[in-house]
Amino acid sequence: MRIGSNPEKEKNEKNQLKQHRVVMVFYVPNSEEEYYKQLHKVLDKSLESLVKTINFETTAITLINNNSTSELNSVVSKYIQYIDKYICYSENKGKVHAVINEVRGVYEPFVTITDADVLFYSGWEQAVFSVFKTYPKAGLVSPLPVPHCSFARNSVLFWDGLFSNLKYGSILSSHDTELYKKSIDNPEIFRRQWHEYWDVKHLYLDGAPQAIVGATHFVATYKTDLFRNQYEFPEFKFKAGYEDHFMDVIAENKGMYRLSTTQTFAYHIGNSLDDVTEIHTYTSDKFITSNFFNGLSTVVGKTSFINKIKILLGKAVLKYKWNK
(Lines give C-alpha, C1' and ligand atoms only; values in the text may rest on other atoms or scores of the structure.)
Protein backbone atom coordinates (compact mmCIF):
# COMPACT_ATOMS: atom_id res chain seq x y z
CA MET A 1 0.00 0.00 0.00
CA ARG A 2 1.01 3.63 -0.40
CA ILE A 3 2.21 5.39 2.73
CA GLY A 4 2.10 9.17 2.75
CA SER A 5 1.98 11.42 -0.33
CA ASN A 6 4.46 11.85 -3.14
CA PRO A 7 6.75 14.77 -2.13
CA GLU A 8 7.20 15.75 -5.79
CA LYS A 9 3.64 17.07 -5.80
CA GLU A 10 4.60 19.85 -3.39
CA LYS A 11 7.59 21.21 -5.31
CA ASN A 12 5.66 23.09 -8.01
CA GLU A 13 8.64 22.90 -10.34
CA LYS A 14 8.14 24.18 -13.88
CA ASN A 15 9.35 22.82 -17.19
CA GLN A 16 11.36 25.25 -19.29
CA LEU A 17 10.26 25.79 -22.88
CA LYS A 18 13.23 26.64 -25.08
CA GLN A 19 13.09 28.17 -28.54
CA HIS A 20 14.90 25.54 -30.56
CA ARG A 21 15.41 21.78 -30.58
CA VAL A 22 17.93 19.79 -32.62
CA VAL A 23 16.89 16.25 -33.58
CA MET A 24 19.73 14.00 -34.71
CA VAL A 25 19.24 10.40 -35.81
CA PHE A 26 21.97 7.81 -36.32
CA TYR A 27 22.22 4.22 -37.47
CA VAL A 28 25.44 2.18 -37.40
CA PRO A 29 24.63 -1.54 -37.57
CA ASN A 30 28.23 -2.74 -37.28
CA SER A 31 31.83 -1.60 -37.46
CA GLU A 32 33.14 -4.40 -39.70
CA GLU A 33 31.80 -3.45 -43.11
CA GLU A 34 33.94 -0.92 -44.94
CA TYR A 35 31.18 1.68 -45.20
CA TYR A 36 30.58 1.70 -41.41
CA LYS A 37 34.15 1.42 -40.11
CA GLN A 38 34.63 5.10 -39.27
CA LEU A 39 31.05 6.06 -38.45
CA HIS A 40 31.65 5.92 -34.70
CA LYS A 41 34.31 8.61 -35.21
CA VAL A 42 31.96 10.58 -37.45
CA LEU A 43 29.19 10.51 -34.84
CA ASP A 44 31.69 11.57 -32.19
CA LYS A 45 32.80 14.55 -34.27
CA SER A 46 29.25 15.53 -35.17
CA LEU A 47 28.08 15.49 -31.55
CA GLU A 48 31.19 17.34 -30.42
CA SER A 49 30.56 20.09 -32.98
CA LEU A 50 26.90 20.34 -31.99
CA VAL A 51 27.45 20.72 -28.25
CA LYS A 52 30.23 23.25 -28.84
CA THR A 53 28.16 25.52 -31.08
CA ILE A 54 24.68 25.76 -29.50
CA ASN A 55 23.44 27.82 -26.58
CA PHE A 56 21.88 25.39 -24.11
CA GLU A 57 19.76 28.18 -22.67
CA THR A 58 17.89 28.38 -25.97
CA THR A 59 18.44 24.97 -27.55
CA ALA A 60 17.86 21.33 -26.57
CA ILE A 61 19.08 18.13 -28.21
CA THR A 62 17.13 14.99 -29.02
CA LEU A 63 19.32 12.07 -30.09
CA ILE A 64 17.72 9.06 -31.78
CA ASN A 65 19.55 5.73 -31.88
CA ASN A 66 17.99 3.68 -34.67
CA ASN A 67 19.11 0.34 -33.20
CA SER A 68 22.84 0.80 -33.75
CA THR A 69 25.53 -1.56 -32.56
CA SER A 70 26.31 -1.34 -28.84
CA GLU A 71 29.81 -0.14 -29.72
CA LEU A 72 28.26 3.31 -30.25
CA ASN A 73 27.26 3.51 -26.58
CA SER A 74 30.73 4.70 -25.62
CA VAL A 75 30.40 7.62 -28.04
CA VAL A 76 26.95 8.62 -26.78
CA SER A 77 28.08 8.39 -23.15
CA LYS A 78 30.60 11.19 -23.76
CA TYR A 79 27.77 13.60 -24.52
CA ILE A 80 24.84 12.21 -22.53
CA GLN A 81 25.01 15.12 -20.05
CA TYR A 82 24.20 17.51 -22.92
CA ILE A 83 21.37 15.46 -24.42
CA ASP A 84 17.88 16.41 -23.27
CA LYS A 85 16.21 13.34 -24.74
CA TYR A 86 17.78 10.07 -25.84
CA ILE A 87 15.64 7.61 -27.81
CA CYS A 88 16.70 4.03 -28.49
CA TYR A 89 14.71 1.95 -30.96
CA SER A 90 14.73 -1.84 -30.71
CA GLU A 91 14.85 -2.07 -34.50
CA ASN A 92 15.92 0.26 -37.29
CA LYS A 93 12.78 2.19 -38.23
CA GLY A 94 14.42 4.14 -41.04
CA LYS A 95 15.22 7.85 -40.86
CA VAL A 96 11.79 9.18 -41.84
CA HIS A 97 9.82 7.16 -39.29
CA ALA A 98 12.24 7.98 -36.48
CA VAL A 99 12.35 11.69 -37.27
CA ILE A 100 8.69 12.29 -38.10
CA ASN A 101 7.52 10.38 -35.03
CA GLU A 102 9.58 12.79 -32.93
CA VAL A 103 9.18 16.21 -34.57
CA ARG A 104 5.39 16.01 -34.63
CA GLY A 105 5.50 16.26 -30.84
CA VAL A 106 8.16 18.95 -30.45
CA TYR A 107 7.09 21.89 -28.24
CA GLU A 108 9.84 24.29 -29.33
CA PRO A 109 8.80 26.65 -32.18
CA PHE A 110 11.85 25.71 -34.27
CA VAL A 111 13.35 22.28 -34.87
CA THR A 112 16.54 21.34 -36.69
CA ILE A 113 16.58 17.91 -38.29
CA THR A 114 20.08 16.68 -38.96
CA ASP A 115 21.89 13.56 -40.03
CA ALA A 116 24.65 12.33 -37.73
CA ASP A 117 27.44 13.12 -40.18
CA VAL A 118 27.20 16.91 -40.02
CA LEU A 119 29.98 19.13 -38.72
CA PHE A 120 28.53 22.31 -37.21
CA TYR A 121 30.40 25.61 -37.32
CA SER A 122 30.40 28.31 -34.65
CA GLY A 123 27.64 30.81 -35.30
CA TRP A 124 25.39 28.47 -37.26
CA GLU A 125 22.31 29.12 -35.11
CA GLN A 126 22.61 32.89 -35.41
CA ALA A 127 23.14 32.64 -39.18
CA VAL A 128 20.08 30.44 -39.66
CA PHE A 129 17.78 32.50 -37.46
CA SER A 130 18.97 35.71 -39.09
CA VAL A 131 17.49 34.33 -42.32
CA PHE A 132 14.23 33.49 -40.55
CA LYS A 133 14.11 37.00 -39.10
CA THR A 134 14.64 38.68 -42.47
CA TYR A 135 12.27 36.43 -44.43
CA PRO A 136 9.08 35.67 -42.43
CA LYS A 137 7.91 33.32 -45.20
CA ALA A 138 10.94 31.07 -44.72
CA GLY A 139 9.64 27.65 -43.69
CA LEU A 140 13.05 26.02 -43.39
CA VAL A 141 16.64 27.14 -43.64
CA SER A 142 19.79 25.08 -44.21
CA PRO A 143 23.06 26.29 -42.62
CA LEU A 144 25.07 25.99 -45.83
CA PRO A 145 24.50 27.26 -49.38
CA VAL A 146 22.84 24.71 -51.67
CA PRO A 147 21.98 26.68 -54.84
CA HIS A 148 21.45 23.51 -56.90
CA CYS A 149 18.33 22.85 -54.78
CA SER A 150 16.70 26.13 -55.80
CA PHE A 151 13.98 24.57 -57.95
CA ALA A 152 13.04 21.82 -55.48
CA ARG A 153 9.69 22.41 -53.78
CA ASN A 154 9.92 26.20 -54.00
CA SER A 155 7.12 27.02 -56.43
CA VAL A 156 5.44 29.64 -54.23
CA LEU A 157 8.71 31.53 -53.93
CA PHE A 158 8.99 31.79 -57.72
CA TRP A 159 5.47 33.20 -57.98
CA ASP A 160 6.13 35.67 -55.18
CA GLY A 161 9.51 36.39 -56.78
CA LEU A 162 7.79 38.21 -59.62
CA PHE A 163 6.93 40.93 -57.11
CA SER A 164 9.81 40.75 -54.63
CA ASN A 165 13.59 40.76 -54.34
CA LEU A 166 14.44 37.50 -56.11
CA LYS A 167 17.78 37.95 -57.88
CA TYR A 168 20.09 35.92 -60.12
CA GLY A 169 23.80 36.58 -59.83
CA SER A 170 27.03 35.66 -58.12
CA ILE A 171 27.28 36.17 -54.35
CA LEU A 172 28.82 32.89 -53.15
CA SER A 173 32.51 32.47 -52.45
CA SER A 174 34.44 29.74 -54.24
CA HIS A 175 35.61 28.53 -50.81
CA ASP A 176 32.05 27.67 -49.77
CA THR A 177 31.07 26.00 -53.02
CA GLU A 178 34.29 24.00 -53.25
CA LEU A 179 33.79 22.90 -49.65
CA TYR A 180 30.41 21.45 -50.51
CA LYS A 181 31.75 19.65 -53.58
CA LYS A 182 34.48 18.12 -51.45
CA SER A 183 32.08 17.06 -48.71
CA ILE A 184 29.97 14.90 -51.03
CA ASP A 185 32.83 13.94 -53.36
CA ASN A 186 31.01 15.25 -56.42
CA PRO A 187 32.79 18.01 -58.38
CA GLU A 188 29.85 18.21 -60.82
CA ILE A 189 27.10 18.75 -58.25
CA PHE A 190 26.42 22.30 -59.45
CA ARG A 191 26.26 21.49 -63.17
CA ARG A 192 23.29 22.82 -65.17
CA GLN A 193 22.40 21.96 -68.74
CA TRP A 194 22.84 24.94 -71.12
CA HIS A 195 23.41 27.34 -68.21
CA GLU A 196 26.14 28.64 -65.96
CA TYR A 197 27.01 26.28 -63.13
CA TRP A 198 24.97 26.90 -60.00
CA ASP A 199 28.13 27.89 -58.13
CA VAL A 200 28.89 30.55 -60.78
CA LYS A 201 25.44 32.15 -60.80
CA HIS A 202 22.63 31.39 -58.39
CA LEU A 203 19.20 32.52 -57.24
CA TYR A 204 19.03 34.49 -54.01
CA LEU A 205 16.84 36.84 -52.02
CA ASP A 206 18.45 40.23 -51.72
CA GLY A 207 17.64 41.21 -48.16
CA ALA A 208 19.93 41.73 -45.19
CA PRO A 209 21.20 39.11 -44.86
CA GLN A 210 20.92 37.68 -48.34
CA ALA A 211 19.70 34.09 -48.60
CA ILE A 212 20.23 31.41 -51.21
CA VAL A 213 17.07 29.92 -52.70
CA GLY A 214 16.99 26.21 -51.90
CA ALA A 215 17.51 23.93 -48.91
CA THR A 216 18.69 20.39 -48.26
CA HIS A 217 17.13 17.77 -45.99
CA PHE A 218 20.35 16.34 -44.55
CA VAL A 219 20.42 19.38 -42.24
CA ALA A 220 17.78 22.11 -42.01
CA THR A 221 15.93 24.13 -39.40
CA TYR A 222 12.13 24.11 -39.72
CA LYS A 223 9.31 26.08 -38.24
CA THR A 224 7.83 23.35 -36.08
CA ASP A 225 4.25 24.27 -36.99
CA LEU A 226 4.89 22.83 -40.44
CA PHE A 227 4.57 19.39 -38.87
CA ARG A 228 1.39 20.09 -36.91
CA ASN A 229 -1.71 18.14 -37.91
CA GLN A 230 0.33 15.78 -40.06
CA TYR A 231 -0.78 12.22 -39.34
CA GLU A 232 0.27 10.10 -42.30
CA PHE A 233 2.20 7.03 -41.20
CA PRO A 234 5.50 6.17 -42.95
CA GLU A 235 4.65 2.58 -43.81
CA PHE A 236 8.03 1.67 -45.28
CA LYS A 237 11.37 1.87 -43.50
CA PHE A 238 13.11 2.86 -46.71
CA LYS A 239 11.51 4.13 -49.87
CA ALA A 240 12.71 6.44 -52.62
CA GLY A 241 11.24 9.90 -52.24
CA TYR A 242 10.17 9.43 -48.62
CA GLU A 243 12.09 12.44 -47.32
CA ASP A 244 10.56 14.53 -50.10
CA HIS A 245 7.06 13.31 -49.29
CA PHE A 246 7.21 13.69 -45.51
CA MET A 247 9.68 16.58 -45.09
CA ASP A 248 10.49 18.55 -48.24
CA VAL A 249 7.05 19.25 -49.64
CA ILE A 250 5.37 20.48 -46.45
CA ALA A 251 6.79 24.02 -46.68
CA GLU A 252 5.70 24.44 -50.29
CA ASN A 253 2.20 23.13 -49.53
CA LYS A 254 1.80 25.81 -46.87
CA GLY A 255 3.17 28.64 -48.99
CA MET A 256 6.55 28.86 -47.29
CA TYR A 257 10.08 29.14 -48.71
CA ARG A 258 13.06 26.79 -48.64
CA LEU A 259 16.23 28.86 -48.13
CA SER A 260 19.85 28.48 -47.09
CA THR A 261 22.65 30.67 -45.75
CA THR A 262 25.16 32.29 -48.10
CA GLN A 263 28.10 30.99 -46.08
CA THR A 264 29.05 27.53 -44.90
CA PHE A 265 28.02 26.86 -41.31
CA ALA A 266 27.76 23.07 -41.65
CA TYR A 267 29.88 20.50 -43.43
CA HIS A 268 28.76 17.09 -44.66
CA ILE A 269 31.36 14.72 -43.20
CA GLY A 270 30.11 11.59 -44.92
CA ASN A 271 31.32 8.22 -43.66
CA SER A 272 34.99 9.10 -43.08
CA LEU A 273 36.93 11.91 -41.48
CA ASP A 274 39.02 14.20 -43.67
CA ASP A 275 41.31 17.19 -43.28
CA VAL A 276 38.38 19.60 -42.92
CA THR A 277 37.01 17.80 -39.89
CA GLU A 278 40.42 17.12 -38.38
CA ILE A 279 41.47 20.80 -38.25
CA HIS A 280 38.05 22.22 -37.37
CA THR A 281 38.07 24.76 -34.53
CA TYR A 282 35.45 26.71 -32.60
CA THR A 283 35.04 30.23 -31.25
CA SER A 284 33.37 31.16 -27.98
CA ASP A 285 31.75 34.44 -29.03
CA LYS A 286 29.21 33.28 -31.61
CA PHE A 287 26.44 31.77 -29.53
CA ILE A 288 22.88 32.85 -30.17
CA THR A 289 21.07 34.63 -27.31
CA SER A 290 17.50 34.30 -26.07
CA ASN A 291 16.82 37.92 -27.07
CA PHE A 292 17.56 37.08 -30.70
CA PHE A 293 14.32 35.09 -30.87
CA ASN A 294 12.19 38.07 -29.81
CA GLY A 295 9.74 38.99 -32.55
CA LEU A 296 10.77 36.04 -34.71
CA SER A 297 7.78 34.79 -36.69
CA THR A 298 6.84 31.17 -36.08
CA VAL A 299 3.71 31.37 -38.22
CA VAL A 300 3.26 29.09 -41.21
CA GLY A 301 0.64 29.25 -43.93
CA LYS A 302 -2.18 26.83 -44.60
CA THR A 303 -2.74 24.23 -47.27
CA SER A 304 -5.48 26.19 -49.04
CA PHE A 305 -7.02 26.44 -52.48
CA ILE A 306 -5.36 29.83 -53.04
CA ASN A 307 -1.99 28.38 -52.13
CA LYS A 308 -2.50 25.48 -54.54
CA ILE A 309 -3.11 28.04 -57.29
CA LYS A 310 0.08 29.88 -56.30
CA ILE A 311 2.02 26.61 -56.52
CA LEU A 312 0.71 26.03 -60.06
CA LEU A 313 1.49 29.61 -61.07
CA GLY A 314 4.94 29.32 -59.50
CA LYS A 315 5.66 26.17 -61.47
CA ALA A 316 4.72 28.02 -64.65
CA VAL A 317 7.04 30.91 -63.75
CA LEU A 318 9.78 28.43 -62.94
CA LYS A 319 9.37 26.65 -66.27
CA TYR A 320 9.14 29.65 -68.57
CA LYS A 321 11.39 32.18 -66.85
CA TRP A 322 14.05 30.33 -64.91
CA ASN A 323 14.31 26.71 -66.01
CA LYS A 324 14.71 27.17 -69.73
Which heavy atom in [X] sits nearest to a heavy atom in [Y], and how many Å separate them?
{"X": "Ile311", "Y": "Glu252", "result": "CD1-O, 3.5 Å"}
{"X": "Pro143", "Y": "Val128", "result": "CB-CG2, 3.7 Å"}
{"X": "Asp117", "Y": "Ser46", "result": "N-OG, 4.2 Å"}
{"X": "Ala215", "Y": "Leu140", "result": "CB-CD1, 4.0 Å"}

If the threshold is 4.0 Å, N to carboxylate O, is there a salt bridge linking [X] and [Y]?
{"X": "Lys37", "Y": "Glu32", "result": "no"}
{"X": "Asp225", "Y": "Arg228", "result": "yes"}
{"X": "Glu125", "Y": "Lys286", "result": "no"}

Side chains of [X] and [Y]: is there a donor and an acceptor less than 3.5 Å apart?
{"X": "Asn73", "Y": "Ser70", "answer": "no"}
{"X": "Asp274", "Y": "Tyr267", "answer": "yes"}
{"X": "Gln263", "Y": "Tyr121", "answer": "no"}
{"X": "Tyr89", "Y": "Asn101", "answer": "yes"}
{"X": "Asn229", "Y": "Tyr231", "answer": "yes"}
{"X": "Glu232", "Y": "His245", "answer": "yes"}
{"X": "Tyr257", "Y": "Asp160", "answer": "yes"}
{"X": "Gln210", "Y": "Thr262", "answer": "no"}
{"X": "Tyr27", "Y": "Asn67", "answer": "no"}
{"X": "Asn186", "Y": "Tyr180", "answer": "no"}
{"X": "Glu235", "Y": "Tyr242", "answer": "no"}
{"X": "Thr58", "Y": "Gln19", "answer": "no"}

Side chain [X], main chain [Y], donor-acceptor under 3.5 Å:
{"X": "Thr134", "Y": "Ser130", "answer": "yes"}
{"X": "Lys223", "Y": "Ala138", "answer": "yes"}
{"X": "Ser68", "Y": "Asn65", "answer": "no"}

Task: Phe292 six-ring centre to Lys133 NZ/CZ under 6.0 Å and within 45° of normal - done: yes
Open item on the list: Whether Arg192 engages the ring of Trp198 as a cation-pi pair (distance to the six-membered ring centre under 6.0 angstrom, angle to the ring normal within 45°) should be assessed.
Closed with: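 Satisfied, under 6.0 Å and within 45°.
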- [ ] Could you name each residue pair satisfying salt bridge (charged side-chain N to carboxylate O under 4.0 Å, His left out) that touches residues 170-185, not counting sequence neighbours?
- [x] Glu178-Lys181, Lys181-Asp199, Lys182-Asp275
Determine whether the aromatic ring centres of [X] and [Y] lie less than 6.0 Å apart.
{"X": "His202", "Y": "Trp322", "result": "no"}
{"X": "Phe110", "Y": "Phe132", "result": "yes"}
{"X": "His280", "Y": "Tyr282", "result": "yes"}
{"X": "Phe236", "Y": "His97", "result": "no"}

Task: Single-linkage hydrophobic cluster Ile113~Val25, side-chain heavy atoms < 4.5 angstrom - done: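 Same hydrophobic cluster.
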Open item on the list: Under the rule for salt bridge (charged side-chain N to carboxylate O under 4.0 Å, His left out), what residues qualify as partners of Asp115, not counting sequence neighbours?
Closed with: Lys95
Within-4.5 Å side-chain heavy-atom neighbours: [X] and [Y]:
{"X": "Leu259", "Y": "Ile212", "result": "no"}
{"X": "Leu43", "Y": "Met24", "result": "yes"}
{"X": "Phe218", "Y": "Thr114", "result": "no"}
{"X": "Leu144", "Y": "Val219", "result": "yes"}

Task: Qualifying residue, where the test is side-chain contact (heavy atoms from CB on, under 4.5 Å) with Arg21 and the options are Ile61, Thr59, Asp84, Thr112 - done: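 Testing each of Ile61, Thr59, Asp84, Thr112 against Arg21, the sole residue satisfying side-chain contact (heavy atoms from CB on, under 4.5 Å) is Asp84.
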